[in-house]
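Report on one structure; see the data block that follows.
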Amino acid sequence: MATENEFSNNMAGKTNFVKKRASLNNLIGGLGKLPPQALDLEEAVLGALMLEKNALSEIIDILKPDSFYKESHQKIYEAIFSLFQQTSPIDLLTVTTELRKMGALEMVGGAYYITQLTDRVVSAANIEYHARIISQKYIQRELIKVSTEIINSSYDETADIFDLLDHAEKSLFDIAQNNLRRDSRKMDDIMREAISNLELLRDRTDGLTGIPSGLTALDRMTSGWQPSDLVIIAARPAMGKTAFVLSVARNAAVDHQRAVAVFSLEMSSVQLVNRLIAGETEIEQEKLKKGNLADHEWQQLHSRIGRLTEAPLIIDDTPALNVFEFRAKCRRLKAQHDIQMVIVDYLQLMHGKSEGKGGGNREQEIGSISRALKSVAKELNIPVLALSQLSRAVESRPGNSKRPMLSDLRESGSIEQDADMVLFLYRPEYYGLTEDEEGRPTAGVGEVIIAKHRNGETGIVPLKFVGKYVKFVDLEEDFGGPAGDSFGAGQDSFSSAINPSDAFGNFGGGFDGGGITMPSRMNDMPDDAPF
């Protein structure tokens, strides 16, 4: 009988323990864990802020009111920050007075609690270190909050999966953007890095400091595509925008073994590769399209695509790509393949923030897209080349003045502002101009107009456009351009001397002339279309 009583008492005790534990779990969130916090450090930081007048300057870019876990600490920090904005002294009395004005003095524990805070520390010597720990705890709490929201939303059967992914990406990115800032650097530290970079460049004979385009005259003016630069390449349809960036991507990936990512929103990956094959093998794209190749051309195809096959060139043809997907993919590609350059074809086909649907206008959306592209370039420290469409203002100008200008950019305000470099592609032959201003023939000639160059010179770079092979190469010496071949001796691809007059057999339909016509979806759009 005693044994039964003992057993009953033990079971009752265990039951009470389980109930108490369950009750405690409910109080602290149901997971048996407290949110990350550092209350003792919060008290020490607030006390230090009221002891030394300059202490806030050391942590003002690290902490914000929400960084504090305890609500009363948030209110005290708000009062201190308010005094700082008013350029008023910050001490025990002024903070107490400010809290009284805010009607929050009693809520935080009264003047007695404020006095206790100043007793926690003797100086503000370690305030920055303490503040960073508080910030880390806040970031952990935010990650828990966002993760919980994602989990709950994922159980909602009615939710759109792409909206969920978009929201998850944005929420996590916002945490990083709002809390992880680069520290300021002293001049001597920056100077050492600058001198070190100059010493590394001292022995270079080609003058390239960035990713080479493989086009000699263009590289001479730009020193290559520079890290963290946003480069906008704009032109009217049929000027060869895609052909230009594919030539640039091919040169960087094949000749210089630089990993390049191409995001194609208009053409499929197979279409892009067919263009690359045409340029690499120098087999007309019309033949590749039909598969109508002679035996020697099949041999030529297989013998020349080896280097292209092994090139670190990555193509993503996801349609209607939005900026969050783009940013996430670029980060993954940087981590997995160490990409050195990103190309977007083209900017107006991207989508901005999904929550902006139905609000704002297209110009604001384009602004958010261009800022996102610049943000990726800076974050990953790589050049981002983005194609852009021009308005029909170019076509409406009278006479021979068809060269594009900055005002011709669609949504030019935001694009022009965010871009480090703006290039225009122009082919006078398209407008029926057989000679340039100096009387030289324009057949097969394309111009790269550097209209904006934040860190260098502007000007016009003449190139040769080979329509049937869908590529841009250096002009030969007799065209006034650089002599020789920019792709290196001994490389049989992209190196044959081609008569420019053959580049456009029957010019009229597409930009390829005698080759395949690849019209843009924007050709038939009115000027007031969203793109």
Side-chain angles (χ1 to χ4, degrees), residues 61-62 64 139 142-143 146 162 165-185 210-211 225-234 245 258-265 314 316 318 320-357 359-388 409-423 452-455:
D61 60 338
I62 301 174
K64 52 188 178 182
I139 293 173
E142 288 295 290
L143 288 172
V146 168
F162 295 105
L165 289 171
D166 183 42
H167 175 70
E169 169 71 16
K170 179 183 182 302
S171 300
L172 293 172
F173 178 74
D174 286 345
I175 293 175
Q177 285 291 95
N178 295 333
N179 296 282
L180 302 180
R181 303 291 185 182
R182 289 192 61 182
D183 291 335
S184 301
R185 300 172 63 190
I211 305 299
W225 311 115
Q226 299 300 310
S228 78
D229 273 6
L230 172 60
V231 181
I232 299 296
I233 301 168
V245 293
R258 305 293 186 93
V260 179
V262 178
F263 290 87
S264 176
L265 284 78
I314 302 155
D316 185 311
T318 303
L321 189 69
N322 66 52
V323 293
F324 302 114
E325 294 171 332
F326 172 74
R327 185 183 291 112
K329 289 186 176 189
C330 286
R331 286 172 177 159
R332 287 195 293 268
L333 290 173
K334 183 66 175 177
Q336 295 171 3
H337 304 285
D338 191 25
I339 54 172
Q340 301 295 304
M341 181 168 68
V342 169
I343 295 172
V344 179
D345 182 13
Y346 52 90
L347 185 150
Q348 277 87 358
L349 288 180
M350 291 187 73
H351 290 290
K353 300 179 180 180
S354 62
E355 63 268 24
K357 293 176 182 177
N361 54 42
R362 180 58 179 167
E363 185 170 356
Q364 291 173 340
E365 187 177 15
I366 288 293
S368 70
I369 294 170
S370 63
R371 285 190 297 274
L373 296 181
K374 175 60 181 175
S375 174
V376 169
K378 193 171 181 180
E379 177 186 346
L380 302 183
N381 197 34
I382 59 175
V384 173
L385 280 59
L387 300 186
S388 180
L409 275 171
R410 284 178 181 262
E411 299 91 14
S412 61
S414 55
I415 297 176
E416 181 183 343
Q417 175 182 335
D418 295 326
D420 297 280
M421 191 184 305
V422 178
L423 309 182
K452 177 186 177 181
H453 193 182
R454 185 168 287 162
N455 302 305

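Annotation: side-chain hydrogen bond (donor to acceptor under 3.5 Å, both in side chains) contacts of Ser228 (sequence neighbours excluded): none. Shown here are the side-chain hydrogen bond (donor to acceptor under 3.5 Å, both in side chains) partners of Lys329, two or more places apart in sequence or in another chain: Asp316, Thr318. A search for salt bridge (Lys or Arg N to Asp or Glu O under 4.0 Å) contacts involving Arg454 returns Asp420, not counting sequence neighbours. Taking the side-chain hydrogen bond (donor to acceptor under 3.5 Å, both in side chains) definition, one finds that Ser264 meets it with nothing, sequence neighbours left out. By the side chain to side chain contact (heavy atoms under 4.5 Å, CB included) test, Ala259 is found to be paired with Pro312, Ile339, residues two or more places apart in sequence or in another chain being considered. Every residue two or more places apart in sequence or in another chain that forms a side chain to side chain contact (heavy atoms under 4.5 Å, CB included) with Ala419 is listed here: Ile232, Val422. Every residue two or more places apart in sequence or in another chain that forms a side-chain hydrogen bond (donor to acceptor under 3.5 Å, both in side chains) with Asp345 is listed here: Thr242.
The shortest distance between side-chain heavy atoms of Asn455 and Gln226 does not fall below 4.5 Å. With a 4.5 Å cut-off on side-chain heavy atoms, Ile175 and Leu143 count as touching. A heavy-atom distance below 4.5 Å is not found between the side chains of Ile369 and Phe326. Within the 4.5 Å cutoff, the side chain of Val376 has no heavy atoms near those of the Val342 side chain. Residues Leu385 and Ile233 are in side-chain contact: their nearest non-hydrogen atoms beyond the backbone lie under 4.5 Å apart.
From Ser388, atom OG reaches atom CG of Leu423 across 11.5 Å, with rounding to the nearest 0.5 Å. In this structure, CZ on Phe263 lies 10.5 Å from CG on Leu373, to the nearest 0.5 angstrom. Interatomic distance, Ile211 CD1 to Met341 CE, rounded to the nearest 0.5 Å: 6.5 Å. Atoms CD and CG, from Gln340 and Leu380 in turn, are 10.5 Å apart once rounded to the nearest 0.5 Å.
Between Ser370 and Leu230 the shortest heavy-atom distance is O-CD2, 3.7 Å. Considering every non-hydrogen atom in both Ile343 and Val245, the closest pair reads CD1-O, 3.7 Å. Of all the heavy atoms in Val146 and Ser171, the pair that sits closest is CG1-CB, 3.6 Å.
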